**Q** 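Handing you a structure now.
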Amino acid sequence: MTMNMNRRTLIAGSLIGAGALALPRMAFAQGAGQRNLLFVLLRGAADGMAMLAPVGDPGLEALRGASLADYDNALRLGSFFAVHPALAEIAKSAQAGEALFVHAAATSYRERSHFDGQNLIETGGTTPYGTKDGWLNRLAVLLNEGAPAPLRALAIAQAVPLALRGSAPVSNYAPSALPAASEDLLARVSQLYSADNELGPLWQRALETKAMAGDDGLTNLNDARKAGELAASLMRDAGGARIGMIELGGWDTHANQRGAFARSARPLDALLAAYKTGMGGAWTDTLVVVATEFGRTARLNGTGGTDHGTGGAALLMGGGLRGGRVIADWPGLAASQLHEGRDLAPTIALESVLAGAVAEHFRLDPARSMAQLFPGRDAAPLAGLMRV
Amino acid sequence: MMSPASIALGRFGYGIGPGDETVRDPKAYLLRQLDAFDPTPRVVAERVSTRSGTGEMIELLRRVQQDTRRAAAAMPEDAAPMAGEGMAMRGDAMTTENPRAAALAGLPPEYREKLTEARRVLVQDIAVRVNLAITSPAPMAERLVHFWANHFSVSVGKPGTQFEAGPHEFTAIRPHVLGRFSDMLKAAALHPAMLIYLDQFQSIGPNSAFTQRRPRFGGDAPQRPRGLNENLAREVLELHTLGVDGGYSQADVTELARALTGWTVPGLGRAGRFAEDQATGAAFVGLVHEPGARQVLGRSYPEGGARQALTILDDLARHPATARHIATKFARHFAGDTPPASLVARLEADFLKSGGDLASLTRVLIASPEVWTPGPVKFRTPFEWLVACLRLAGVQNLGPQRILGALTELGHVPWRAPSPAGYDDIAASWAGPDALVRRVEMAERIATNVAADNVLARAEAAFPDALSDATRTQLMRAESGRQALALLLVSPEMLRR
């Protein structure tokens with residue numbers, strides 16, 4: 001059999017019969033307005049102390065040693081923090097006041113399993129596997145209240161990540177190297193699934209997203225810059241997605257971290273730079289939130305890497321951000337100041353950062369957002385993140 | 001609704017295949033497969049015996065890293081990436097056209113050749129796995145192989161793993177799927193593939209003779225800081241045995257990590273000449289082993305070199321938390337994303353009683369009424385679906401590159417899971433809008449390239465007494481045999497089991 005790796009071709013116009021391709025909805029949710037949110041999840045526990053090194057802390061040298069040479073010419077935020085050189089574009093955005101870091105932040109999770117940690121940062125729950133839907137989906141539910149039609153929420157990934165799963169309709173899309181199926185087959189598949197409660201709605205959303213993506217000219221998501229451009233193309237227009245999500249892996253740097261971290265950071269930097277450019281005028285109304293499940297150990301381990309830790313860093317970017325700064329209640333790096341003697345101690349609840357940022361961005365009530373997205377927390381949502 | 005025969009074919013196996021008999025007695029049909037299963041078919045034995053050294057590749061990489069900083073920056077961790085993986089994006093401008101070719105171009109020729117060879121070996125191993133599943137007289141046993149390989153998931157990327165991922169499944173998983181869990185645990189967790197994947201191969205006891213005498217082995221300390229690495233120990237406890245709620249502590253992780261020091265890959269480094277070969281294909285280097293007794297889960301294990309870790313693994317294999325963890329995953333795979341508690345309890349009890357006899361566990365599964373419930377209980381993963389399609393469509397001996405291409409587009413390449421937890425085994429992870437489109441595209445590809453006659457009759461045979469009216473109607477209305485076959489391949493009956 002032949003498996004030509006042709007580019008996916010444009011699915012245009014409408015199909016006959018039950019499989020009619022819905023035209024992009026021009027009406028959009030009241031709650032979201034034209035505002036956009038891109039959530040970037042760094043899977044594998046990105047090292048916050050490498051991302052944004054606390055070079056002003058006298059304890060850092062003893063913990064990180066020779067790896068600190070990487071920051072010799074790196075951009076400083078204040079006199080205390082230096083941005084990893086592989087994140088140069090993000091650093092430029094920070095200089096321009098359109099990006100900020102939150103440091104020594106963690107979710108309420110205090111164990112060290114990636115899978116439990118990712119479960120919590122995606123569900124927003126307080127116990128692993130205790131919550132079935134994702135906080136981004138609950139955000140879509142909040143924004144859909146009273147809106148004439150549900151907003152588009154979209155994962156740019158081959159599968160819908162847990163953070164986006166739930167009762168609000170979501171879709172996912174990733175470029176494919178497979179030749180597009182014939183329109184006649186697509187229409188017949190619509191009929192085949194029409195009576196199926198699970199496959200029917202999934203299929204309708206698939207056709208809508210496919211039409212939105214059009215001919216992206218890509219066959220995969222390997223190139224970070226093009227992935228960023230694709231995300232922007234799916235979100236910048238009136239009929240586009242208001243909530244988007246992208247996952248990036250490669251952050252579990254147990255060994256030889258200097259090279260490994262840079263190799264994962266460069267694509268993040270390229271992706272966000274391309275996304276920002278691609279959003280064009282819509283960047284003003286766009287917020288990007290970058291987070292990871294937990295931080296890593298403060299001290300380099302025996303193999304030049306870091307192990308699973310607690311406190312870490314998060315990154316916010318956007319045209320409406322009060323950026324150019326680092327939000328931190330710095331806990332210090334002396335042995336007695338480390339969490340359990342090994343991790344950066346968390347002093348800010350990551351849930352407060354996420355809830356505060358999206359509430360201000362979408363003009364939602366912060367307390368209600370916190371209660372819906374991250375129930376069961378004492379901490380108040382962070383305020384004063386956006387310019388408005 | 002599924003019939004008992006369609007359950008035996010689909011829920012337990014990979015669907016109807018070439019030359020499959022009519023299933024008259026579903027349980028007997030499954031039990032016969034336990035005897036028909038060949039743990040070491042010739043094609044597998046041939047693959048494994050022709051390996052070149054993994055240690056050689058790692059050594060080569062180390063020399064490359066020392067020689068050229070640029071190569072080190074351009075390459076390693078994800079050394080031979082495959083096209084189309086969503087998670088590992090690359091940011092270098094130089095890699096926009098063909099990331100792999102561009103990254104390879106910057107490397108010394110000897111390493112480039114080795115990487116090319118590694119990739120070829122890996123792609124061929126994947127094809128062996130798929131073609132075995134298509135032609136096997138015991139598709140249920142093949143499903144077991146793939147279930148356990150995912151339980152002990154290794155993912156290629158780190159240098160050397162491309163050579164070892166196939167052998168990990170072929171020699172550490174496959175021979176044990178109807179054997180003892182403890183044997184599989186020791187073989188799989190201590191196989192070179194796992195030792196590299198989870199950084200064990202370079203873990204060194206802080207008080208080992210090697211560390212104490214380091215100056216004599218000298219020269220490499222500044223470039224290569226080395227010491228204890230807890231990665232494998234943590235995943236053994238969290239994923240392979242007890243489970244995340246299995247009642248272990250950080251201290252247990254560290255103690256197991258100390259016991260595991262010395263377990264490494266043959267042919268590696270200056271200490272390599274002191275290596276003792278182990279049954280798993282690994283090597284044990286006493287020189288880097290952390291000396292002394294270890295305390296794990298309240299039990300003390302005296303110093304015993306390589307045997308110390310083996311003894312701990314034996315105890316972990318028969319721990320009640322392990323029985324519960326394994327029973328839950330096994331039940332979830334066959335009986336639904338939220339498996340019936342009664343089934344989990346029965347499997348758990350059998351695991352404890354039989355001492356982890358996996359043939360017994362499989363027989364208990366077949367005998368359990370919960371697995372024979374007529375409504376479909378699972379959404380097929382992309383790998384399952386593709387194998388079932390190829391069996392149904394009569395495709396045999398598909399070329400390695402095509403197999404890899406198809407699995408890449410479906411997002412389910414073997415030995416490529418995004419984390420040590422393996423690929424997810426729930427519908428929510430696979431039943432997405434994009435995934436459906438890809439399956440439809442793939443189905444049309446497959447249908448274009450095979451004989452597409454008698455599709456309705458084949459559908460009735462594939463789903464005996466279980467083809468829905470809605471599907472039958474669409475198949476009858478199709479404009480051609482090929483279109484009917486494509487529709488059958490994406491029908492609800494094919495997508496679920």
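Computed from a predicted model, the values in this text were never measured in an experiment. Naming: A, B, ... by sequence-line order, numbering from 1 per chain.
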**Q** Is it true that the side chains of A:R188 and B:Q483 contain a donor and an acceptor less than 3.5 Å apart?
**A**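 Short answer, yes.
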**Q** Would you indicate whether the side-chain heavy atoms of A:V170 and B:P433 approach each other to under 4.5 Å?
**A**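 Answer no - side chains too far apart.
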**Q** So, do B:P492 and A:L192 sit near enough that their side-chain heavy atoms are less than 4.5 Å apart?
**A**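 Of all side-chain heavy-atom pairs linking A:L192 with B:P492, at least one is under 4.5 Å.
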**Q** Residues two or more places apart in sequence or in another chain: which of them pass side chain to side chain contact (heavy atoms under 4.5 Å, CB included) with A:D116?
**A**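 Checked A:D116 against side chain to side chain contact (heavy atoms under 4.5 Å, CB included); matches are A:Y109, A:S113, A:P128, A:Y129, B:V244.
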**Q** Does any non-hydrogen side-chain atom of A:E111 lie less than 4.5 Å from one of B:Q250?
**A**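 A side-chain contact is absent here, since even the closest heavy-atom pair is not under 4.5 Å.
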**Q** Can you check whether A:H114 reaches B:S419 side chain to side chain, under 4.5 Å on heavy atoms?
**A**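 The answer is no; the side chains never approach within 4.5 Å.
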**Q** Chain B heavy atoms under 4.5 Å from A:D196: which part of the residue, side chain, backbone, both or neither?
**A**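 The side chain, not the backbone.
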**Q** Measure the spacing between OH of A:Y193 and CG of B:L436 and express it to the nearest 0.5 Å.
**A**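 Separation between the atoms: 5.0 Å.
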**Q** Can you find a heavy atom in the side chain of A:E198 that is under 4.5 Å from one in the side chain of B:L495?
**A**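 SC-SC contact between A:E198 and B:L495 ruled out.
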**Q** In terms of side-chain geometry, is the basic nitrogen of B:E441 or A:K210 positioned less than 4.0 Å from the acidic oxygen of its partner?
**A**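 Salt bridge present between B:E441 and A:K210.
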**Q** Examine distances only and state if a side-chain atom of B:E230 and a backbone atom of A:D307 form a donor-acceptor pair shorter than 3.5 Å.
**A**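 Answer holds: no.
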**Q** Run the side chain to side chain donor-acceptor pair (under 3.5 Å) check on B:D434 and A:Q158 step by step: do they pass?
**A** CA-CA 6 Å; B:D434 190 69; A:Q158 277 196 5; 5.7 Å; no
**Q** Have A:H254 and B:D199 got a donor and an acceptor in their side chains that come within less than 3.5 Å?
**A**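 The answer is no; no qualifying pair exists.
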